[in-house]
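Since the structure comes first, as structure tokens, the remarks are kept for the end.
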Amino acid sequence: MSKVDLRNDDGRWTLTLTDPDRRNCLDEAMIQELGDAVSTVAADAGARTLVVTGEGTAFCAGADLPALFGEASERSVADLRRHLHTVYDSFLRLRALEIPTIAAVQGAAVGAGLNLAMACDVRIAGPRASFAATFSKIGLHPGGGCTWFLVDALGPQKALALLLDGGALRGEEAVGQGLALRVADDPLAAAHETAARWAAIDPALARDIKSAVGVARTGDFGATLEFESWAQASSATGPAIQEVVASFRKQ
């Protein structure tokens, strides 16, 4: 039985974790299917957006801990670390996508499930959503980029406090802290509405805007300005802006 459902609606992709009885936890089968699904989207030249969600009450309850760490004491740290990178890769592939990605978080996003949501560009939370960094509560160091994601979204002070407490942010709190974009009664429908708007933008322009935000996040002002000058010059040759210019000339 497949644990990931992947659907394409004219370039608007939807990836759904479909193991609700196990709260969509990332076991070996889910990890493989998730990575393959993201690679399928990446290979589609017609892709415009991707919405990621989970079936049932949980978005993703995190990694299958017994499968992942059940024999950890019998393995070397180096061997376990190599395997962890395989797990991380299944959801971190989302970060390499050039198209806008939206997580529709209807329930709990815990541990690796939090990372999965954070690997998307934006998050829309449902009324029962929670974003839980519970690693320290089970004696485990954060992994999968969680420290970077939370520092990026919350700043170092709030990220440190959340990670040391093993805490969670509910929907409205996550929005207020900058971790989620907004709360919606039906986060999947809201995500699809947002995806439809963004899919209507010229795909090259959408890609460049996403890239510019990435440069601004990690680079300095000069690097951002240089990318913007190239991307704006490129977009200025497109038909949309030329139509606007022509309409101004007629006034």
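Predicted model, so just to flag it, every value in this text is computed and none were measured. For the numbers below, each heavy atom of this structure counts, side chains included, while hydrogens, waters and symmetry mates do not.
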Residue pair Arg123, Leu181: steps toward the side chain to side chain contact (heavy atoms under 4.5 Å, CB included) verdict: CA-CA 6 Å; Arg123 287 149 294 283; Leu181 181 65; 6.0 Å; no
Search all heavy atoms of Leu92 against all heavy atoms of Gly144 and return the closest pair with its distance. CD2-O, 3.8 Å
Hydrophobic cluster membership, with links at side-chain heavy-atom distances under 4.5 Å among I/L/V/M/F/W/Y: are Leu188 and Leu94 in one? no
Where does the angle between the aromatic ring planes of His85 and Tyr88 fall among parallel (under 30°), tilted (30 to 60°) and perpendicular (over 60°)? perpendicular
Test side-chain contact (heavy atoms from CB on, under 4.5 Å) applied to Leu50 and Asp44, Thr14, Ile99, Asp121, the passing residue: Ile99
Begin with the C-alpha distance, continue with both residues' side-chain angles, and end with the deciding distance and a verdict on side chain to side chain contact (heavy atoms under 4.5 Å, CB included) for Leu150 and Leu163. CA-CA 9 Å; Leu150 293 182; Leu163 288 168; 3.7 Å; yes
Could you tell me whether a side-chain N or O of Thr194 sits under 3.5 Å from a main-chain N or O of Ala190, the two making a donor and an acceptor? yes
Within the side chain of Asp220, is there an N or O that forms a donor-acceptor pair under 3.5 Å with the backbone of Gly222? yes
Atom CG in Asn115, atom SG in Cys60: separation rounded to 0.5 Å? 9.5 Å
Considering all heavy atoms of both residues, which atom of Phe59 and which atom of Ala103 are nearest to each other, and what is their separation? CZ-CB, 4.3 Å
How far does OG of Ser136 sit from CG of Leu164, to the nearest 0.5 angstrom? 6.5 Å
Thr134 (side chain) donor-acceptor with Lys137 (main chain) under 3.5 angstrom: no
Can you check whether Ala195's main-chain N or O pairs, donor with acceptor, with Arg12's side chain at less than 3.5 Å? no
Rounded to the nearest 0.5 Å, what's the gap from CD1 on Ile31 to CG on Leu34? Could you check? 8.5 Å
Is the backbone of Arg128 close enough, under 3.5 Å, to the side chain of Gln106 for a donor and an acceptor to pair up by distance? no
Would you mind reporting whether Pro66 and Asp64 have side-chain heavy atoms less than 4.5 Å apart? yes
Do we get Arg95 above Trp148's six-membered ring, with its NZ or CZ under 6.0 Å from the centre and within 45° of the axis? yes
Flag yes if Val52 and Val183 sit in one hydrophobic cluster, no otherwise; membership is Ile, Leu, Val, Met, Phe, Trp, Tyr, and two members link when side-chain heavy atoms are under 4.5 Å apart. no
Of all the heavy-atom pairs spanning Gly111 and Phe135, show the shortest one and how long it is. CA-CZ, 3.6 Å
With the 4.5 Å side-chain cut-off for hydrophobic clustering, are Val175 and Met118 part of the same group? no
Donor-acceptor pair, side chain of Ser130 and main chain of Ala168, under 3.5 angstrom: no
Between Phe131 and Val110, is any pair of side-chain heavy atoms under 4.5 Å apart? no
Within the 4.5 Å heavy-atom criterion, are Ile201 and Arg48 side-chain neighbours or not? no
Is there a donor-acceptor pair closer than 3.5 Å between any side-chain N or O of Asn24 and the backbone N or O of Ala58? yes
Salt-bridge criterion met for Arg7 and Asp5 (N-O under 4.0 Å): yes
Testing the 3.5 Å rule here: is there a donor-acceptor pair between the side chains of Arg93 and Ser39? yes
Looking just at side-chain N and O atoms, do Ser90 and Gln32 make a donor-acceptor pair shorter than 3.5 Å? no
For Ala104, is there any backbone N or O sitting under 3.5 Å from a side-chain donor or acceptor partner on Thr53? yes
Is there a path of hydrophobic side-chain contacts, each under 4.5 Å between heavy atoms, that joins Leu17 and Val51? no
With a 3.5 Å distance limit and no angle check, can you tell me whether Thr147 reaches the backbone of Gly143 through a side-chain donor-acceptor pair? no
Quick one: do Asp27 and Lys3 make a salt bridge, cutoff under 4.0 Å? yes
Check the pair Glu98, Lys210 against side chain to side chain contact (heavy atoms under 4.5 Å, CB included), reporting the backbone distance first and the verdict last. CA-CA 7 Å; Glu98 296 181 337; Lys210 176 171 174 173; 5.9 Å; no
Distance check, rounded to the nearest 0.5 Å: Arg81 atom CZ versus Ser76 atom OG? 11.0 Å
Rounded distance [0.5 Å steps], CG in Leu15 versus CG in Asn8: 12.0 Å
Contact summary for Asp185 and Pro187, nearest pair of heavy atoms: O-CD, 3.5 Å
Report the distance from atom CZ of Phe149 to atom CG of Leu154, rounding to the nearest 0.5 Å. 12.5 Å
For Arg182 and Ile124, indicate whether the former's side chain and the latter's backbone hold a donor-acceptor pair under 3.5 Å. no
Side chains of Cys146 and Leu114 in contact at under 4.5 Å (non-hydrogen atoms): yes
Please check if Met30 and Val105 belong to a single hydrophobic cluster, counting links between Ile, Leu, Val, Met, Phe, Trp and Tyr side chain heavy atoms closer than 4.5 Å. yes
